[in-house]
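A short worksheet on the structure shown next.
Whatever order the structure lists them in is the order used to number ligands and atoms, beginning at 1. Remember, it's a predicted structure, so these values are computed and weren't measured experimentally.
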Amino acid sequence: MPDGASRSAIGADVPDTRKRIVVGVGGGIAAYKSCALIRDFTEAGHKVRVVPTESALEFVGRATFEALSGNPVQTGVFTDVPQVPHVRLGQEADLVVVAPATADLLARAVMGRADDLLTATLLTARCPVVFAPAMHTEMWEHPATVANVATLRARGVTVVEPASGRLTGKDTGAGRLPEPEEIAGLATLLLERPDALPRDLEGRRVLVSAGGTREPLDPVRFLGNRSSGKQGYAIARLAAQRGAEVILVSGYTAGLDEPAAVETVHVRTAEDMKVAVDKEAGRCDVVVMAAAVADFRPSTSVTSKIKKGAGEPDAIALTKNPDILAGVVQARRDGEIPASTLVVGFAAETGDADGDVLTYARAKLRRKGCDLLVVNAVGEGKAFEVDHNDGWLLSADGSESALEHGSKALMASRVLDAVSAALDPAGGE
Ligand code: C5P
C-alpha cells in the first residue's frame, strides 16, 4: 500500500487525509476550552495527541484529555522512554497548536527550554506551530510578553491575537482565548497553506463589510438575501491575525460569532450600513465590501404588522438603495477620503447566453471603479451558505487570477495577499 493510503471498509485504497495534530495545553483557566478544540480536530477526522503541562492538569484531568483524543496523555519526558516521545511527537506532527498558551509557556518556548514533553515537542516540531495565548491583559501587554511574542513570530510561529472581553473574575480586556472553533479554523488553514498568516498588515486599518442587509416591510417582515457572512468574516478575522486593526461592519449572518481582535459594528439595513462604512472609510487603508447589500428596499415600511385581509395583497413598491461601494469610490475621486485608500468589491456572478462569468465581472469592475474585484461563481451549492468557495480576482490594472477551490479562509488569505501587494508601501509600519 502506498504511503499515506489506508484500506477502507470496502477494501479500496483511499488516501489518508487525516493529519497528526499535537494539542499543547498550558496551565490557565482557559484550559477547559481546549477540550472543545480537541473535539473539533477529532471530529474532523484528525489524529490528535494532547500534551498538557503539569499545571494544565490542575485545570483539566488527564482522563478527559485521553478520552477526547483517544490517546494516552503524558506531561514529562521520562514516560514511555523506549518510544522517545519527546522527539517523535514533534517530528511526526503536521501541526502543533498550543491553546491556551500562558505567558510562562511563551517565555519557555522563546528560551528553547525542553524540561517537559510540551516544550521538547516544540523544539522538534518542523510543521506549522500555532500559539493561542490567554492571560490577563497586564500579562499580555507586559514588555516581556510583547517581546516574546515578537520573537516567536520572527521565527515563523503563528501567535494568534487574543480576543477582548471577559477574563477570569470581573476583569475585561485583551487576553481572552478566542473561541475553539476560531482557533481550529486558523490552525487548519495552516494545513491548507502554511504561509497563510504573515504579519504583513501590521499598522494598517482595514474595514470589511459582511453579511446581508434586511430591508423592513413591517415589524416582522423584510426583504433579505441568503448571505451567510462567512466570506467577509473570514477576511476580517484573517486581516486581524495578519496584524491589521479591523472594523467589521456586519449585517445579518448565519449566527456567526464576532471574530477575535476585531471591532464589530452591527447594522440592519443598507442605509445603516452606508452610514457606518462612510463614517470609517476615510480612516482606513483598505475598504473591503463583502456584504450582500439589498439593491432595493420597500418604499414604505410601516410600524404595525400588515394584515392579511380578505382580498389580494397590495404590490410592494421598491426604492433603489445607495450603492455603498460606488459611494466610497466617488468619495475617493472627490478627495473626501485619501487617494491611497484601496477599495475591494465582491461580485456574485453567473454566466448566461450573452456572456460568461468573467465577461460580466470585468464590466462590473469598470462600472464600480474599485481596485480589486473578488468574483464568486454562484449557483447550486456554490458560494452562498457553504464553507467552500472559488472564483477569480480581477484587478483594475488588468491582471486576473483564479482563486482555487478551498475553504473560505483560504480564499480570504488569497484576497489579503492581493490587498497586501497592492497597498502603498509608504503606509503602515
Ligand atoms: O452590483 P452588485 O450588487 O453585484 O455589486 C456587488 C458589490 O457592490 C459588493 O462589493 C457589494 O458589497 C457592493 N454593493 C454596495 N451597495 C449596494 C449593492 C452592492 O456596496 N447597494
Side-chain angles (χ1 to χ4, degrees), residues 206-216 222-236 239 247-253 265 267-282 284 286-299 318-333 337 341-352 354-379 382-384 389 391-396 403 408 411-412 415-416 418-419 422:
V206 177
L207 186 154
V208 181
S209 74
T213 64
R214 286 185 184 175
E215 312 298 323
F222 57 84
L223 293 183
N225 58 61
R226 288 170 56 199
S227 171
S228 65
K230 285 181 180 172
Q231 188 61 70
Y233 271 54
I235 291 175
I247 302 163
L248 172 62
V249 178
S250 174
Y252 292 85
T253 68
V265 178
V267 297
R268 297 163 191 269
T269 64
E271 287 176 300
D272 295 345
M273 185 171 274
K274 180 172 171 56
V275 170
V277 169
D278 287 352
K279 179 166 165 251
E280 295 291 344
C284 292
V286 187
V287 176
V288 181
M289 280 295 302
V293 186
D295 291 317
F296 309 102
R297 65 176 179 276
S299 302
L318 297 175
T319 300
K320 215 169 186 180
N321 270 330
D323 188 313
I324 305 168
L325 176 64
V328 173
V329 171
Q330 189 58 47
R332 186 175 62 175
R333 270 192 209 116
I337 66 173
T341 312
L342 191 78
V343 184
V344 184
F346 267 69
E349 286 291 351
T350 57
D352 62 19
D354 295 326
D356 64 6
V357 176
L358 276 175
T359 313
Y360 284 108
R362 287 178 193 126
K364 182 165 291 183
L365 176 65
R366 279 194 298 276
R367 204 166 55 243
K368 298 266 182 182
C370 49
D371 304 298
L372 294 169
L373 189 73
V374 183
V375 185
N376 289 315
V378 292
K382 288 190 100 173
F384 286 117
N389 220 350
W392 295 268
L393 190 62
L394 309 190
S395 168
L403 293 165
K408 287 189 171 176
M411 182 131 161
V415 172
L416 290 176
V419 163

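From N389, atom CG reaches atom CG of L403 across 8.5 Å, with rounding to the nearest 0.5 Å.
Ligand-side atoms of ligand 1 in range of D295: 3 (O), 18 (C), range being under 4.0 angstrom from any heavy atom. Residue A291 has at least one heavy-atom neighbour below 4.0 Å for each of these atoms of ligand 1: 11 (C), 12 (O).
In terms of polar-atom proximity, defined here as any N/O pair under 3.5 Å, G345 makes no such contact with ligand 1. At under 3.5 Å, not a single nitrogen or oxygen of A347, backbone or side chain, sits near a nitrogen or oxygen of ligand 1. Geometrically, ligand 1 and V293 share no nitrogen or oxygen pair separated by less than 3.5 Å. For ligand 1, one of its N or O atoms has an N or O atom of K368 under 3.5 Å away. Note: an N/O pair closer than 3.5 Å links I324 and ligand 1 by distance alone. Geometrically, ligand 1 and A292 share no nitrogen or oxygen pair separated by less than 3.5 Å.
Here the protein heavy atom with the shortest distance to atom 10 (O) of ligand 1 is M289 O, 2.6 Å. Protein heavy atom in closest approach to atom 6 (C) of ligand 1: F346 O, 3.0 Å.
A276 and V267 get closest at one heavy-atom pair: CB-CG1, 4.0 Å. Across all non-hydrogen atoms, the minimal contact from A210 to G229 is CB-O, 4.2 Å.
Between L223 and L318 the shortest side-chain heavy-atom distance falls below 4.5 Å. For the pair M289/V328, no side-chain contact is recorded, criterion being any heavy-atom separation below 4.5 Å from C-beta on. Within the 4.5 Å cutoff, no side-chain heavy atoms of F222 are placed close to those of E215.
Proximity of A270 to ligand 1 is not established, as no heavy-atom distance is less than 4.0 Å. Heavy atoms of K364 come nearer than 4.0 angstrom to ligand 1 in at least one pair. Within the 4.0 Å heavy-atom shell around ligand 1 one finds P322. Using a 4.0 Å cutoff on heavy atoms, M273 does not count as a contact of ligand 1.
A salt bridge is defined here as a Lys NZ or Arg NE, NH1 or NH2 lying under 4.0 Å from an Asp or Glu carboxylate O, and R367 with D323 fails to meet this definition.
Here the side chain of R332 pairs a donor or acceptor atom with the backbone of T341 at under 3.5 angstrom. E349 places no side-chain N or O within donor-acceptor distance of the main-chain N or O of V375, the cut-off being under 3.5 Å.
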